[in-house]
Protein chains: 2
Amino acid sequence: MASTFAVLADPHRRQILDVLRDGERPVNDLVDGLSVSQPTVSKHLKVLRDAGLVEVRRDAQRRLYRLRPGPLAEVDAWLAPYRRMWEDSLDALERRLDVIGREDGSR
Amino acid sequence: MASTFAVLADPHRRQILDVLRDGERPVNDLVDGLSVSQPTVSKHLKVLRDAGLVEVRRDAQRRLYRLRPGPLAEVDAWLAPYRRMWEDSLDALERRLDVIGREDGSR
DNA sequence: AGCATATATGCCGTTACAGCTATATTGCCG
DNA sequence: CGGCAATATAGCTGTAACGGCATATATGCT
C-alpha cells in the first residue's frame, strides 16, 4: 500500500481532494475540473480509495466520492516538528528585512 | 523542478530530513543511518538541494548538510484547510468510544 | 430487450525514478 | 608528489507510475 505521502505526490490527486473539500462529488464533476480523461480520474480515485483518503457512495449510475481526511493526520504529524523551525526562519528573515528597511530609511 | 510533495514522497528523503532536524551532518553519517549506498544518498541530497530543503557547507573533504525547512511551509499551507476536518472526525470517534465506554460500564 | 449514461478495468507506450557499480573530483596528509 | 578519505557524477537497469484508448460493467429509461 502506498504511503499517504506518495499518494499526495501527484498534483491531480491533490486537486481531487481539494474539490472534495467542498462536499461529495460524482466522478464526472471531478473529470471536468482536471483536464485528464475519465479513466485516468477513475484510476486516481482508486489510489485515493486504497489510501483511505476518499470513500464512495452509490447513487444510481453515479458514484459519489467523499473526503476522508483521517490519513492526512499522518502527514501533519510528520510535519509537526518542523513547523516551529520554519516559523523561526521566517521570523529571522523578517528581522533581517526590518534591519534593511531601517538602514534604507537612514540613508 | 519537482514539487515539495514529490520530494517528500520518498521515505529515504524524509528520513534524511528527520536526521538533519538534530543539526547538520556530513554525508557519511546519513549513509550510516539509511541502509542504501553512498551514491544513492548523494542523489537524494541533490534532489533535496534542488528543492531548497537542505543546504551544504564545505568542511575540508566533507560536506555538511543542514536543514532548510522553508519549503515545508507550502505543504503545511495545503494541509491547513484539512486539519480541522480530521480533528472533527477524531472528535466524533472519541465521542463514540466514550458512549461505548459508558454503555460497558453500565452493564 | 435495447439503448444511453456513468464509471471502472485492461492493455499498452512512455517516462521518471531509485538503486547499484564504477569512476571522477576534491582536499588532506605523509 | 602519491595516496587516502569523502563526496559527487555517470552510466546502466529494473520497476513503477501516469496517461490514453478501447472495452467491460452497472444502472436507468423507454
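Proteins come first, then strands; the chains are lettered A, B, ... in the order of their sequence lines, and each starts at number 1.
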If each of B:Val56 and A:Ser35 is mapped to the nucleotide of DNA chain D with the nearest heavy atom, which maps nearer the 5' terminus, i.e. the 5' end?
B:Val56

Taking N and O atoms by type only, does the side chain of B:Gln38 place a donor or acceptor under 3.5 Å from a partner on the base of D:dA8?
yes

Starting at CD of A:Gln61 and ending at C1' of D:dG28, how long is that distance when rounded to a whole Å?
5 Å

With the side chain defined as heavy atoms from C-beta on, A:Leu45 is closest, among D:dA6, C:dA8, C:dC20, to C:dA8

Does the side chain of A:Thr40 get closer than 4.0 angstrom to OP1 or OP2 of D:dG19 through an N or O atom?
no

Any side-chain N or O of B:Arg58 less than 4.0 Å from the OP1 or OP2 oxygen of C:dG27?
yes

Phosphate contact (C:dC20 OP1 or OP2) by B:Ser37 side-chain N/O below 4.0 Å:
yes

Whichever of A:Ala60 and B:Asn28 has its nearest DNA chain D nucleotide further upstream toward 5':
B:Asn28

Give a yes or no answer on whether the side chain of A:Arg13 reaches the backbone of A:Leu8 with a donor-acceptor pair at less than 3.5 Å.
no

Rounded to the nearest 0.5 Å, what separation is found between the CG atom of B:Leu45 and the CG atom of B:Leu30?
6.0 Å

Under 4.0 angstrom, heavy atoms only, what part of the nucleic acid is B:Pro39 near: base, sugar-phosphate, or nothing?
base

So, OP1 or OP2 of D:dA6: does either fall under 4.0 Å of a side-chain N or O from B:Tyr65?
no

In whole angstroms, the gap separating P of C:dA18 from CZ of A:Phe5 amounts to 15 Å

Under 4.0 Å between a Lys/Arg side-chain N and an Asp/Glu carboxylate O for B:Arg49 and B:Glu55?
no

Check: C:dG10 base within 3.5 Å donor-acceptor of A:Lys46 side chain
no

Can you measure B:Leu8 atom CG to C:dA18 atom C1' for me and round it to whole angstrom units?
16 Å

Inter-residue atom distance B:Ser3.OG - B:Trp78.CH2, 0.5 Å rounding:
11.5 Å

When rounded to whole Å, the CG to C1' distance for the pair B:Leu64 and D:dA8 reads 15 Å

What integer distance in Å separates B:Asp10:CG from D:dA16:C1'?
13 Å

For D:dG19 and A:His44 - does any side-chain N or O of the residue sit under 4.0 Å from the phosphate oxygens OP1/OP2?
yes

Phosphate contact (D:dC18 OP1 or OP2) by A:Arg13 side-chain N/O below 4.0 Å:
yes

Hey, are A:Asp18 and B:Tyr82 close enough side-chain-wise for a donor-acceptor pair under 3.5 Å?
yes

Nucleotide of C:dA8, D:dT9, D:dG19 approaching A:Ser42 most closely (side-chain heavy atoms)
C:dA8

In whole angstrom, what separates A:Arg63's CZ from D:dT25's P?
13 Å

Between B:Arg14 and B:Asp10 (salt bridge meaning N to carboxylate O under 4.0 Å), is one present in this structure?
no

Rounded to whole Å, how long is the line connecting atom CZ of B:Arg25 with atom P of D:dA6?
16 Å

Measure from CG on A:Asp50 to C1' on D:dA16 and round the result to the nearest Å.
15 Å

